[in-house]
Amino acid sequence: DLPTVAIVGRPNVGKSTLFNRLVGRKLALVDDRPGVTRDRREGEGFIGDVAFRVIDTAGLEEADADSLLGRMRAQTEAAILEADAVLFVIDARAGVLPSDRPFAELVRRSGCPVILIANKAEGGAGMAGAYDAFSLGLGDPIPFSAEHGEGLGSLQDALREVL
Ligand code: GDP
Ligand code: MG
């Protein structure tokens, strides 16, 4: 069986863009089981010769922010439980926001190996946010751009180490 990688982080950091980048056209299944796994997507991800099952969390869009965040947390916890490694994504341009921290806390408490991705860093943007990311206590951030496909080599190396 393939190892499982969960993509975790607050809304709008680029998790789904990263998911699509990793899965390519291969498989983008919608899991329509009810409850916390609703709207979760999973597929087979690749970087070069490294293959894994990848879970995208929290593709939820609802008006009620409180219930949305509660469901996102539950869904995130469920994905982390299944994961052999977590890709924790922040928006390097925005820096670390208060809303990143509860998700970081879930990852840290789980003890699951984590790779910190400082996304939206194409063309060297977001360096300040990447430095900021050290404060999360989740290790060294990888400057990354899910949209432009930058940082894939570093992510491949990091995945090789933990999977
Ligand atoms: P999610 O809510 O974490 O799944 O985030 P999405 O993948 O839906 O992306 C949120 C927004 O960030 C979208 O407008 C994306 O186009 C944008 N985005 C995602 N990745 C990048 C990136 O690497 N660079 C830039 N500049 N924008 C990105
Ligand atoms: Mg998403």
Side-chain angles (χ1 to χ4, degrees), residues 4-33 35-47 52-80 82-83 85-107 112 114-133 136 138 140-159:
T4 296
V5 173
I7 303 175
V8 171
R10 68 169 176 82
N12 210 39
V13 292
K15 297 181 299 299
S16 296
T17 306
L18 174 59
F19 175 89
N20 290 335
R21 169 73 58 184
L22 295 174
V23 169
R25 290 163 178 272
K26 264 289 206 190
L27 269 174
L29 302 179
V30 173
D31 187 336
D32 56 4
R33 283 177 291 173
V36 295
T37 57
R38 206 179 109 199
D39 303 323
R40 192 176 83 161
R41 293 191 305 156
E42 48 180 272
E44 206 169 311
F46 298 89
I47 304 183
F52 43 87
R53 173 174 161 255
V54 58
I55 302 173
D56 180 22
T57 55
L60 309 175
E61 288 175 32
E62 283 177 8
D64 180 349
D66 284 346
S67 101
L68 172 63
L69 279 181
R71 285 175 57 198
M72 284 189 59
R73 289 189 61 139
Q75 192 195 65
T76 298
E77 281 181 295
I80 292 171
E82 282 184 50
V86 170
L87 304 184
F88 188 82
V89 184
I90 65 157
D91 178 338
R93 295 174 186 229
V96 174
L97 303 185
S99 51
D100 288 305
R101 299 197 181 271
F103 293 96
E105 197 50 43
L106 288 178
V107 176
C112 190
V114 55
I115 297 168
L116 179 56
I117 305 228
N119 193 37
K120 309 195 187 184
E122 62 267 11
M127 284 314 289
Y131 287 125
D132 216 15
L136 287 169
L138 296 175
D140 296 1
I142 296 177
F144 200 85
S145 173
E147 206 154 82
H148 296 259
E150 295 179 20
L152 285 163
S154 302
L155 177 54
Q156 180 174 9
D157 292 343
L159 283 168

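One-based numbering, in listed order, for ligands and for the atoms of each. Heavy atoms only: backbone and side chains are in, while hydrogens, waters and symmetry mates are out.
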Checklist entry - Should Gly9 be listed as contacting ligand 1, given a heavy-atom distance under 4.0 Å as the test? => result no
Next on the checklist: Between ligand 1 and His148, can you find any atom pair, the residue atom being a heavy atom, that is separated by under 4.0 Å?
Outcome noted: no
Quick check for you: to the nearest 0.5 Å, what is the distance between [X] atom [atom1] and [Y] atom [atom2]?
X	Y	atom1	atom2	answer
Leu159	Ile47	CG	CD1	5.0 Å
Ile115	Phe88	CD1	CZ	13.5 Å
Ile55	Leu87	CD1	CG	11.0 Å
Ile7	Arg21	CD1	CZ	12.5 Å

Item to check | ligand 1 atoms in contact with Lys15 (distance to a heavy atom under 4.0 Å) | outcome: 1 (P), 2 (O), 3 (O), 4 (O), 5 (O), 7 (O)
So is [X] polar-close to ligand 1, meaning N/O to N/O under 3.5 Å?
X	result
Ala146	yes
Pro11	no
Ser16	yes

Next on the checklist: Under a 3.5 Å cutoff, is there a donor and acceptor pairing between the side chains of Glu150 and Ser145?
Outcome noted: no
Next on the checklist: Please evaluate residues Leu18 and Asn119 with respect to the criterion side chain to side chain contact (heavy atoms under 4.5 Å, CB included), reporting the C-alpha separation (whole Å), side-chain torsions for both, the decisive distance (0.1 Å), and the verdict.
Outcome noted: CA-CA 9 Å; Leu18 174 59; Asn119 193 37; 5.9 Å; no
Item to check | Asn119 and ligand 1 - part of the residue with a heavy-atom distance under 4.0 Å | outcome: side chain
Item to check | CA sep, side-chain torsions, deciding dist, call: Lys15, Asp56, salt bridge (charged side-chain N to carboxylate O under 4.0 Å, His left out) | outcome: CA-CA 7 Å; Lys15 297 181 299 299; Asp56 180 22; 5.8 Å; no
Checklist entry - Within Asn12, is some N, O or S atom less than 2.8 Å away from the Mg ion (ligand 2)? => result no
Checklist entry - Out of Asn12, Val13, Thr17, whose heavy atom sits nearest atom 19 (C) of ligand 1? => result Thr17
